[in-house]
Amino acid sequence: MTFLCASPVPFHRRMSSLLLAALLLGACAAAGANPRGLVAGDPPYLERGDVREFISTLAREDGFDARELERLFAEARPQQRILDLISTPAEARPWKDYRPIFLTEQRIRAGERFWQEHEATILRAQETFQVNAEIIVAIIGVETFYGRHQGTFPVVDALVTLGFDYPPRANFFRSELRHYLHLVREEGLDLRETLGSYAGAMGRGQFISSSYREYAVDFSGDGRRDLLNSWPDAIGSVANYFRRHHWVMGEPVVVRARVEGDAYKSLMGSGYQARHDLDELARHGIVPEGRVAPDARFSVIELQAEEGTQVWLGYENFYVITRYNRSPLYAMAVYELAREIRKAREQALADGGAR
């Protein structure tokens, strides 16, 4: 389906959304915010007032053709499976169950091979954006297993379903649908055939639409930002995302901590920005395991591991990883996978080449 517009009116409300923030909406489910189940006999989208208002707004403010928008909603297919999946994300699991999904020998070996195959591009991205190569590789490994799993849901169906049948985050997903329609127009994506995750993330780095528009780069130099098919663009765009969120290359990510008592728990509700200095940590019974700079600041991370509760301290780079996906489990998985891939890469080079 070709998506037409009446006039190329610019979209001035571009929001600096987070990559794959949509994948963390399980927090809503954990808080008791259940999705609206699709019911047989629900009115078609075009008979709903909220849909008609959305169409009118996009036609008036963004210059889209109202008839094409009506056709989109006539063809969109709401999917109960999408509502089910967003209520049970992997990030809702404890660390002991989440970690084995991503920290596998197969994924580590695949990451080392990916680094070898795309070494020139990865190192160019590292140099250009000042983001560690292993972090770039690990993100792509966690998100799509190096391009193998880019999603099976039509992006438009995912965004329509969540924008109009998932009340906890309807406004967010309607905004993403609006960004997606602009993205179709700007980058020449196929409106109906572009596939992605159940939350509408797409491409080899799984960018949501607003992040695609904001952070994607043409790293191949062919005049397009193609995150679905171009490895240079995917690699460069992941690196650019981290640069724009203030990654500091070479700085640490986390350090393990010892704790006494439960006072440390009071520091865990303030997010993952590195706010707490060593004196404050000490007052709450927290001591880093290992040498840290005397002026360092940290967030406090609690993980449920096989051997029991672990407490870690996150530097600002840990917070940057959570800008890609807000879960501390996700950030720890990226960090550990990156570390293991770098070890594998160094060993392969020491052995005289990739295994």
Next on the checklist: If hydrophobic clusters are built from ILVMFWY residues whose side chains come within less than 4.5 Å, do M332 and L267 share one?
Outcome noted: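 They do not share one cluster, since no chain of ILVMFWY contacts under 4.5 Å joins M332 to L267.
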Next on the checklist: With clusters defined by side-chain heavy atoms of hydrophobic residues (ILVMFWY) lying less than 4.5 Å apart, directly or transitively, does V248 cluster with L313?
Outcome noted: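 Shared cluster, no.
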Within 45 degrees of the ring normal and closer than 6.0 Å to the centroid, is that where the cationic atom of [X] sits relative to [Y]?
X: R185; Y: F64; value: yes
X: R107; Y: F102; value: no
X: R169; Y: Y166; value: no
X: R148; Y: F145; value: yes

How far apart are the closest heavy atoms of [X] and [Y], and which atoms are they?
X: A216; Y: S237; answer: CA-OG, 3.3 Å
X: S230; Y: R204; answer: C-NH1, 3.5 Å
X: L123; Y: A133; answer: CD2-CB, 4.5 Å
X: T322; Y: A331; answer: CG2-CB, 3.8 Å
X: D62; Y: H182; answer: OD2-NE2, 2.9 Å
X: L189; Y: M202; answer: CD1-SD, 4.0 Å

Any side-chain heavy-atom pair from [X] and [Y] closer than 4.5 angstrom?
X: E316; Y: H246; result: no
X: T309; Y: L303; result: no
X: F173; Y: D165; result: no
X: W231; Y: D226; result: no
X: Y45; Y: P78; result: yes
X: V137; Y: I122; result: yes
X: I108; Y: T104; result: no
X: L191; Y: V155; result: no

Between [Y] and [X], is the closest basic N to carboxylate O distance under 4.0 Å?
X: E340; Y: R109; result: no
X: R256; Y: E289; result: no
X: R224; Y: D233; result: no
X: E112; Y: R345; result: yes
X: E117; Y: R113; result: no
X: E47; Y: R52; result: no

Could you tell me if the ring centre of [X] sits under 6.0 Å from that of [Y]?
X: F54; Y: F164; result: yes
X: Y215; Y: F207; result: no
X: F129; Y: F219; result: yes
X: Y146; Y: F114; result: yes

Neighbour count >12 (heavy atoms, 6.0 Å) for atom [atom1], [X]:
X: E307; atom1: CD; answer: yes
X: H149; atom1: NE2; answer: yes
X: E127; atom1: CD; answer: no

Examine the side chains of [X] and [Y] and answer whether a donor and an acceptor come within less than 3.5 Å of each other.
X: R275; Y: Q273; answer: yes
X: W312; Y: Q310; answer: yes
X: Y264; Y: E302; answer: yes
X: D222; Y: S220; answer: yes
X: R243; Y: N240; answer: yes

To the closest 0.5 Å, what do you measure between [atom1] ([X]) and [atom2] ([Y])?
X: E70; Y: D65; atom1: CD; atom2: CG; value: 8.5 Å
X: H284; Y: S266; atom1: NE2; atom2: OG; value: 3.5 Å
X: K96; Y: Q304; atom1: NZ; atom2: CD; value: 9.0 Å
X: I55; Y: L46; atom1: CD1; atom2: CG; value: 5.5 Å
X: L183; Y: L177; atom1: CG; atom2: CG; value: 11.5 Å
X: I321; Y: I139; atom1: CD1; atom2: CD1; value: 6.5 Å

Is there a donor-acceptor pair under 3.5 Å between the side chain of [X] and the backbone N or O of [Y]?
X: Q79; Y: T161; value: no
X: N325; Y: Y330; value: no
X: D218; Y: G223; value: yes
X: S175; Y: N171; value: no
X: Y335; Y: I135; value: no

Next on the checklist: The test is side chain to side chain contact (heavy atoms under 4.5 Å, CB included); show your working for V184 and Y180 and say whether it passes.
Outcome noted: CA-CA 6 Å; V184 167; Y180 178 63; 3.8 Å; yes
Checklist entry - Which of these, Y272, F318, Y315, sits in a ring-ring contact (aromatic ring centres under 6.0 Å, His included) with F298? => result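 Running ring-ring contact (aromatic ring centres under 6.0 Å, His included) over Y272, F318, Y315 with F298 returns exactly one hit, Y315.
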Item to check | Chi angles and distances behind the side chain to side chain contact (heavy atoms under 4.5 Å, CB included) call for V253, V320 | outcome: CA-CA 9 Å; V253 177; V320 175; over 6 Å; no
Next on the checklist: Could you go through Q206 and T144, starting from their C-alpha distance and side-chain angles, then the distance that decides it, and tell me whether this counts as side chain to side chain donor-acceptor pair (under 3.5 Å)?
Outcome noted: CA-CA 7 Å; Q206 291 291 277; T144 64; over 6 Å; no
Item to check | Chi angles and distances behind the salt bridge (Lys or Arg N to Asp or Glu O under 4.0 Å) call for R99, E336 | outcome: CA-CA 9 Å; R99 185 181 186 277; E336 290 199 6; 2.7 Å; yes
